[in-house]
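Since the structure comes first, as structure tokens, the remarks are kept for the end.
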Protein chains: 2
Amino acid sequence: MPTPSMEDYIEQIYILIESKGYARVSDIAEALDVHPSSVTKMVQKLDKDEYLNYEKYRGLILTTQGKKIGKRLVYRHELLEQFLELIGVEKENIYQDVEGIEHHLSWNSIDRIGDLVQYLEKTPQAIEALKQLHKEADETLK
Amino acid sequence: MPTPSMEDYIEQIYILIESKGYARVSDIAEALDVHPSSVTKMVQKLDKDEYLNYEKYRGLILTTQGKKIGKRLVYRHELLEQFLELIGVEKENIYQDVEGIEHHLSWNSIDRIGDLVQYLEKTPQAIEALKQLHKEADETLK
DNA sequence: AAAAAATGTTATAATCGTCATATACTATAT
DNA sequence: ATATAGTATATGACGATTATAACATTTTTT
């Protein structure tokens, strides 16, 4: 099992490869806002654990395992963003919150949140009701 | 701002004091499943940061700050448990998931989840719809 | 009140992920 | 082909948390 930090790297590497075809150390460092030296170290670990194959100075590719996991991690991330957005969390909190919680939810919870998102998307009245509750709570504060 | 680990301690100490009137090092250690020496160290830090007053070998009490924060942390924990339960997450995953995510959600997200829980409690059809979606997903797997 | 048991503390070390610095390698431009 | 700029690595350190083991204090038992 990858640690939370390893998951961050795998997820980001997957996204980079999807979008631009490769993932260099410096791309990863920039995307995750860490130092290149940290990337090198982590990438070596991910190679050892067979999430990717890494040739130093040359590049890296995800293994079958790595790709499979990366894909799920990206799905999970997007689902959670969608969820928080639907229930009315402010944009500026969403990214950080998802970043924090994504590594700590069982797939069971993710699946149930998936259903919930599906429900909320199909049920505009629900969203309306939530907005109403939010407004009421705000007024009470005055 | 307390770190996640500090929050765990404050929350647990608050619960212990609520339920049995005091919180000894060994109680805290048992509740959090860490060694007593770790508790001592953390409690010293929490004393330094004024979440509690600690006299070695004798005991500790929460400061006004500590109590206030403890209360919010317990509320947050219970809300998240309630949320996961309502959407149908299995009992055996709930505790650990909440333990993992509670420290990583903004109060904005917590408030919106609070509204959502209120909505779900008032709207049994929503729960029914979720159960239905869950069942369908299960059947698709067959 | 002394001995034994229980509880709490300290010192030291390990782990994880990070950064900083110095060094090594690669690619580009001339 | 060489110099240079850009990129990657190795090494060592640190901050946060935990554990181990030795030690100190308090409580209980006799």
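Hydrogens, waters and symmetry mates play no part in the numbers below; they use all other heavy atoms, side chains included. Sequence lines set the chain letters: A, B, ... in the order given, protein chains first and strands last, and positions in each chain run from 1.
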State whether B:Arg24 places a side-chain N or O below 4.0 Å from either non-bridging phosphate oxygen (OP1 or OP2) of C:dG8. yes
Without decimals, in angstroms, what is the distance between B:Glu30 CD and C:dA6 P? 15 Å
Whole-Å distance separating the CE atom of A:Met1 from the C1' atom of C:dC16: 18 Å
Going 5' to 3' along nucleotides 15-21 of chain D, which nucleotides have protein heavy atoms under 4.0 Å from the base (write B), which only from the sugar-phosphate (write S), and which from neither (write -)? --SBBBB
Going by heavy atoms in the side chains, are A:Leu80 and A:Leu84 under 4.5 Å from each other? no
Closest to the B:Thr40 side chain, choosing from C:dT7, C:dT10, D:dA10: C:dT10
Expressed as a whole number of angstroms, how long is the span from A:Asp49:CG to C:dC16:P? 11 Å
Check whether B:Asn108 reaches the backbone of A:Glu90 with its side chain - one donor and one acceptor, N or O, closer than 3.5 Å. yes
For A:Arg58 and D:dT7, is the shortest distance between a side-chain N/O and OP1 or OP2 below 4.0 Å? no
Taking side chain as C-beta onward, heavy atoms only, is A:Glu136 less than 4.5 Å from A:Leu133? yes
Non-hydrogen side-chain atoms of A:Tyr14 and A:Leu73 separated by less than 4.5 Å: no
Please report, rounded to the nearest Å, how far the P atom of C:dG8 is from the CG atom of B:Asp47. 16 Å
Would you say a side-chain N or O of A:Lys56 is under 4.0 Å from OP1 or OP2 of C:dT26? no
Rounded to whole Å, the OH-P distance (A:Tyr57 to D:dA8) equals 10 Å
Over 60° means perpendicular and under 30° means parallel, so classify the ring planes of A:His104 and B:His104, tilted if in between. parallel
Any side-chain heavy-atom pair from B:Ile28 and B:Met42 closer than 4.5 angstrom? no
Phosphate oxygens OP1/OP2 of D:dA10: is one of them under 4.0 Å from a side-chain N or O of A:Gln44? yes
Rounded to the nearest angstrom, tell me the gap between atom CG in A:Leu32 and atom P in C:dG17. 13 Å
In terms of relative ring orientation, are B:Phe83 and A:Phe83 parallel, tilted or perpendicular, with 30° and 60° separating the classes? parallel
